[in-house]
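See structure below.
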Amino acid sequence: MGSKERAGPRAPHPAGDPTPFAEAVLDAVARIPRGRVMSYGDVAEYVGAGGPRAVGTVLARWGSGVPWHRVVTADGRPNPSDPDRARALLRSEHVAFRRERVEMSAARWNGR
DNA sequence: AGTATGACGGTTA
DNA sequence: CTAACCGCCATAC
């Protein structure tokens with residue numbers, strides 16, 4: 001086949017291919033165990049590149065194929081885009097909540 | 001190549 | 001506790 005085939009079981013992204021950084025981010029998010037969460041900054045640190053905002057940019061563009069709801073803000077707040085949906089998904093995974101925020105002390109996943 | 005944007009984060013008021 | 005500001009970094013145009 002072509003030289004740019006990538007056989008990615010990921011998702012029907014819009015137009016354009018995910019950059020190496022984007023793939024690293026998506027891979028990291030896909031690795032977050034069920035019932036656990038990572039902050040945007042945690043993901044950036046995990047992939048060793050970019051920053052919290054850059055991670056948000058990637059998820060906003062190609063995050064439809066990964067458990068995006070497992071990525072929360074550093075304060076434990078769900079995605080500002082669909083907080084209600086994210087909360088429902090997280091609660092269905094037994095993620096500990098306090099008020100409207102994830103109990104980071106208990107649900108935060110460090111990547112290992 | 002440069003400017004504008006945003007699903008962030010930490011600090012300061 | 002809320003609000004505003006700045007810094008950071010990949011994308012879009």
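The sequence lines fix the lettering, A, B, ..., with proteins before strands; numbering per chain opens at 1.
Residues A:V43 and A:A28 approach most closely at CG1-CB, 4.2 Å, considering heavy atoms. Between A:V47 and A:A44 the shortest heavy-atom distance is CG2-O, 3.2 Å. Residues A:A86 and A:W68 approach most closely at CB-CZ3, 3.9 Å, considering heavy atoms. Scanning both residues, A:W62 and A:G16, for their nearest heavy atoms gives NE1-O, 4.1 Å. The shortest non-hydrogen separation linking A:A107 to A:G35 is CB-O, 4.3 Å.
Near DNA chain C, meaning a heavy atom under 4.0 Å from it, residues 31-48 of chain A has no residue at all. Of the residues in residues 104-112 of chain A, none has a non-hydrogen atom less than 4.0 angstrom from any atom of DNA chain B. For DNA chain C, no neighbouring residue in residues 75-92 of chain A is found when judged by any heavy atom under 4.0 Å.
Within the 4.0 angstrom heavy-atom criterion, base atoms lie near A:A60. Residue A:T73 is classed as a sugar-phosphate contact, given heavy-atom separations below 4.0 Å to backbone atoms only. A:A22 comes within contact range of the sugar-phosphate backbone alone, with a heavy-atom separation under 4.0 Å but no base atom that close.
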Starting from the C-alpha separation in whole Å, work towards a yes-or-no answer on side-chain contact (heavy atoms from CB on, under 4.5 Å) for A:R87 and A:E100. CA-CA 8 Å; A:R87 223 162 5 234; A:E100 303 296 298; 3.1 Å; yes
Assess whether side-chain contact (heavy atoms from CB on, under 4.5 Å) is satisfied between A:V66 and A:L59, documenting all intermediate values. CA-CA 9 Å; A:V66 293; A:L59 289 181; 4.0 Å; yes
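Atom CD in A:E23 sits 8.5 Å away from atom CG in A:D17 (nearest 0.5 Å).
Through chains of ILVMFWY side-chain contacts below 4.5 Å, A:V37 is grouped with A:V72, A:L90, A:V95, A:F97, A:V102, A:M104.
Sorted by first and then second residue, the side-chain hydrogen bond (donor to acceptor under 3.5 Å, both in side chains) pairs involving residues 30-44 of chain A (not counting sequence neighbours) are A:R31-A:Y46, A:S39-A:D42, A:Y40-A:N79, A:D42-A:R108. Within the structure, every pair that satisfies the salt bridge (Lys or Arg N to Asp or Glu O under 4.0 Å) test and touches residues 62-82 of chain A, not counting sequence neighbours, is listed here: A:R70-A:E93.
Between C:dT11 and A:T19, a contact under 4.0 Å exists linking OP1 or OP2 to a side-chain N or O.
When DNA chain B is scanned 5' to 3' for any atom under 4.0 Å from a heavy atom of chain A, the first and last hits are B:dG6 to B:dG10.
Every residue was checked against the side-chain hydrogen bond (donor to acceptor under 3.5 Å, both in side chains) condition with A:R53, not counting sequence neighbours, and none meets it. Listed by chain and number, the residues in a side-chain hydrogen bond (donor to acceptor under 3.5 Å, both in side chains) with A:R98 amount to none (sequence neighbours excluded). With sequence neighbours excluded, the residues forming a side-chain contact (heavy atoms from CB on, under 4.5 Å) with A:T19 are A:F21, A:A22, listed by chain and number.
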Set out, line by line, the N/O atom pairs under 3.5 Å between protein and nucleotides 5-8 of chain C.
{"from": "C:dG7", "atom 1": "O6", "to": "A:R53", "atom 2": "NH1", "distance (Å)": "3.1"}

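Residues A:W109 and A:V55 share a hydrophobic cluster, clusters being chains of Ile/Leu/Val/Met/Phe/Trp/Tyr side chains in contact below 4.5 Å.
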Starting at the 5' end of DNA chain C, what dot-bracket string do you get if Watson-Crick and G-U pairs under 3.5 Å are bracketed, crossing pairs use [ ], other-strand pairs use | and unpaired bases use dots? .||||||.|||||
